[in-house]
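Hydrogens, waters and symmetry mates are skipped; everything else that's a heavy atom, side chains included, is used. For reference, positions follow the sequence shown, starting with 1. Here the structure is a predicted model, which is why all the values come from computation and not from measurement.
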Amino acid sequence: MSSQLFGLWGYLSILLWLIVPALWVLHHIRRPRRWLCHVAVLVAVLAWLFAVINSATYVNRIQIDRSEEIAAAQARQEAARKLAEESRAGDVAQKRFAEDDASDYLDTAGMDEADLKYMTSFDDDATPEWKKEKRTRSSTPKEDDSLEAMLDTSTGEEKGVDSELIEAAAAEPIMMPEKDYMMANRLDGWNLKLVRWLILVALAVVVTDYLKRANCYAEAYLPLPLPSGWINSQTPLAGARSLPATPRRGMPQELAWLSHRGETFVYLAADRNAAATIPERLPRLPLGLCKTDVLHVSDAQPIDPDFIFETLWYGRSSFVVDSTARAEALVTRMLELLQERKTSRAHTRQNVHVVWELPAPPAEEIVAEFERLGGATGVVLVVKG
């Protein structure tokens, strides 16, 4: 296979799309996962651009080289002429004069009409096309040098030269045999199609990777209000989990993260000061759009635990509890209601988080109950480490 089938842009395109699968493998192996799959999308798009440039500026300039075919046809014509002359050698005059050309020594006067037509066909084939055309007198009108013509003040619109024609004339064609010409166009089509499919696959990899990382605390990014069922189908959410000792975000930012995901929470604060840091409204969409209420539960504003549970279950609002006694009573009642929902096989549309930051850690019985009920109902316990 000739190396002239593609130009520099084409080979760069092939090199780039070969890098894309390597980036996928490295992204799958590396922990924690970062941005290699996103880089793969950019590399695939760049490979597509290079493939388009190669197709437009190189492959489209390739033309079939007919020089070998023309030379072979001329050789066959010359061989046929010599064979015809040899077959008529006995009928020709044996004398040649200085002014005779290559065929004047043939006795064409003694040939019949069929032989004469056959012999003159070689002269017609050998005669250039420009000599076959009948010369005609110039039809260019005589230039008018009269006084009226000199005084003619009519103006004509001047037309500039099309830049596209100049570029087309400047781009010299690339001559190749027909076999290489067909192969270059075929490979060019395959390269363009493959890169387009590679871009679609790379985007699908990014979407799948995003859903798999959404429930992974160390690798999640860009919270979006997607249905929890999509995310949980890729990475099931544990019924009880703990935040690391050095979390990625502070508690207000952590709760805002949950709100951005379209999920609700009940924050069991350590004290009133911690509860006061949580705003009364949090956005669910970027740029502060679609805000949801965060209701504060205190001795001054008591709220029934059943109401809190139903509101959380249907994703209407989130809550902040600043009293340890109220928090423990709420958790006990929530476990009772979760048992009923599990029995009826009910599940929340969006995950509900019970964020525990009380001075004392939760009892083992409470953690075990959330592990048993949380995954089945969509209500999970998050304990700050």
Side-chain angles (χ1 to χ4, degrees), residues 214-215 217 220 222-229 231-232 237-243 247-338 341 346-358 362 366 370 373-374 377-384:
N215 281 341
Y217 182 81
L222 188 61
L224 296 175
L226 300 177
S228 297
I231 300 174
N232 296 341
L237 190 63
R241 61 189 180 94
S242 299
L243 297 179
R248 297 174 59 184
R249 298 168 289 270
M251 186 53 66
Q253 292 75 24
E254 191 69 39
L255 299 179
W257 180 282
L258 299 178
S259 180
H260 282 308
R261 289 181 46 157
E263 301 172 347
T264 55
F265 62 86
V266 52
Y267 172 47
L268 309 180
D271 50 40
R272 294 180 179 179
N273 294 331
T277 60
I278 311 302
E280 296 182 354
R281 292 178 64 84
L282 288 175
R284 290 189 174 180
L285 296 177
L287 303 178
L289 302 177
C290 190
K291 292 187 176 181
T292 182
D293 294 329
V294 180
L295 304 180
H296 287 248
V297 182
S298 62
D299 294 335
Q301 295 179 339
I303 300 178
D304 184 68
D306 289 7
F307 175 81
I308 295 176
F309 179 84
E310 294 295 334
T311 304
L312 292 172
W313 183 270
Y314 292 104
R316 299 191 185 101
S317 301
S318 297
F319 294 87
V320 176
V321 180
D322 61 0
S323 171
T324 302
R326 287 186 176 276
E328 293 176 350
L330 174 62
V331 170
T332 302
R333 180 55 181 164
M334 288 184 68
L335 290 175
E336 295 175 358
L337 296 174
L338 286 178
R341 300 299 167 94
H347 197 285
T348 60
R349 179 179 177 274
Q350 296 292 104
N351 293 328
V352 177
H353 302 266
V354 180
V355 183
W356 187 291
E357 200 185 14
L358 297 176
I366 294 178
F370 272 105
L373 301 173
T377 59
V379 180
V380 300
L381 175 67
V382 181
V383 181
K384 183 177 180 181

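Between atom CG of residue Leu237 and atom CG of residue Asn215 there is a gap of 4.5 Å, rounded to the nearest 0.5 Å. In this structure, Ile366 CD1 and Glu328 CD are separated by 7.0 Å, a value rounded to the nearest 0.5 Å. For the atom pair OG of Ser318 and CG of Leu282, the computed distance is 7.0 Å after rounding to the nearest 0.5 Å. Distance CG/Leu330 to CG/Leu312: 8.0 Å, rounded to 0.5 Å. Here the CG atom belonging to Leu337 is positioned 11.0 Å from the CG atom belonging to Leu373, to the nearest 0.5 angstrom. Taking CZ from Phe370 and CH2 from Trp356, the interatomic distance works out to 8.5 Å, rounded to the nearest 0.5 Å.
Here the closest non-hydrogen pair linking Ala214 and Ile231 is CB-CG2, 3.4 Å. What you find for His296 and Ile278 is that their closest heavy atoms are NE2-O, 3.2 Å. In terms of heavy atoms, Pro252 sits closest to Thr277 at CG-OG1, 4.0 Å. A pairwise comparison of heavy atoms in Ile303 and Phe307 identifies CG2-CD2, 3.4 Å as the closest pair.
Side chain of Thr264 to backbone of Val352: no donor-acceptor contact under 3.5 angstrom is found. Here the side chain of Arg333 pairs no donor or acceptor atom with the backbone of Phe309 at under 3.5 angstrom. Side-chain atoms of His347 do not come within 3.5 Å of backbone N or O of Gly229 as any donor-acceptor pair. Side-chain atoms of Ser259 come within 3.5 Å of backbone atoms of Pro283 as a donor-acceptor pair (strictly under, hydrogens ignored). Between the side chain of Arg349 and the main chain of Pro227, no donor-acceptor pair closer than 3.5 Å is present. Within the 3.5 Å criterion, the main-chain N or O of Arg261 finds a donor-acceptor partner in the side chain of Gln350.
Val297 is listed as a side-chain neighbour of Ile308, based on a closest heavy-atom distance under 4.5 Å. Leu255 places a side-chain heavy atom less than 4.5 Å from the side chain of Val355. Considering only heavy atoms from C-beta on, Leu295 stays 4.5 Å or farther from Val320 through its side chain. Using a 4.5 Å cut-off on side-chain heavy atoms (C-beta onward), Pro225 and Leu285 make contact. Contact annotation: the side chain of Trp313 approaches that of Leu338 to within less than 4.5 Å [non-hydrogen atoms, C-beta and beyond].
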Practice prompt. Show your reasoning for whether side chain to side chain donor-acceptor pair (under 3.5 Å) applies to His353 and Glu263.
Written response: CA-CA 8 Å; His353 302 266; Glu263 301 172 347; 2.6 Å; yes
Discussion item. Under the criterion side chain to side chain donor-acceptor pair (under 3.5 Å), I'd like the reasoning laid out for Asn273 against Asp322: C-alpha separation, chi angles, the key distance, then a yes or no.
Written reply: CA-CA 8 Å; Asn273 294 331; Asp322 61 0; over 6 Å; no
Item to complete: With side-chain contact (heavy atoms from CB on, under 4.5 Å) as the test, would you mind laying out the steps for Val379 and Met334 before giving the verdict?
Response: CA-CA 9 Å; Val379 180; Met334 288 184 68; 4.1 Å; yes
Worksheet item: Is there a side-chain contact (heavy atoms from CB on, under 4.5 Å) between Val331 and Leu268 once you walk through the steps?
Response: CA-CA 10 Å; Val331 170; Leu268 309 180; 3.7 Å; yes
Discussion item. What verdict does the side-chain contact (heavy atoms from CB on, under 4.5 Å) test give for Tyr267 and Val354, after you've listed the backbone C-alpha separation in whole Å, the side-chain angles of each residue and the deciding distance to 0.1 Å?
Written reply: CA-CA 6 Å; Tyr267 172 47; Val354 180; over 6 Å; no
Item to complete: Tell me, with the steps shown, if Leu243 and Val382 meet side-chain contact (heavy atoms from CB on, under 4.5 Å).
Response: CA-CA 7 Å; Leu243 297 179; Val382 181; 3.8 Å; yes
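With sequence neighbours excluded, the residues that form a salt bridge (Lys or Arg N to Asp or Glu O under 4.0 Å) with Asp293 are Arg281.
A salt bridge links Glu310 with Arg341: at least one charged nitrogen is closer than 4.0 Å to a carboxylate oxygen.
Within a 6.0 Å sphere centred on CZ of Arg272, other residues, nucleotides and ligands contribute 12 heavy atoms or fewer. Annotation for Glu280: atom CD does not count as buried by contact number, only 12 or fewer foreign heavy atoms lying within 6.0 Å.
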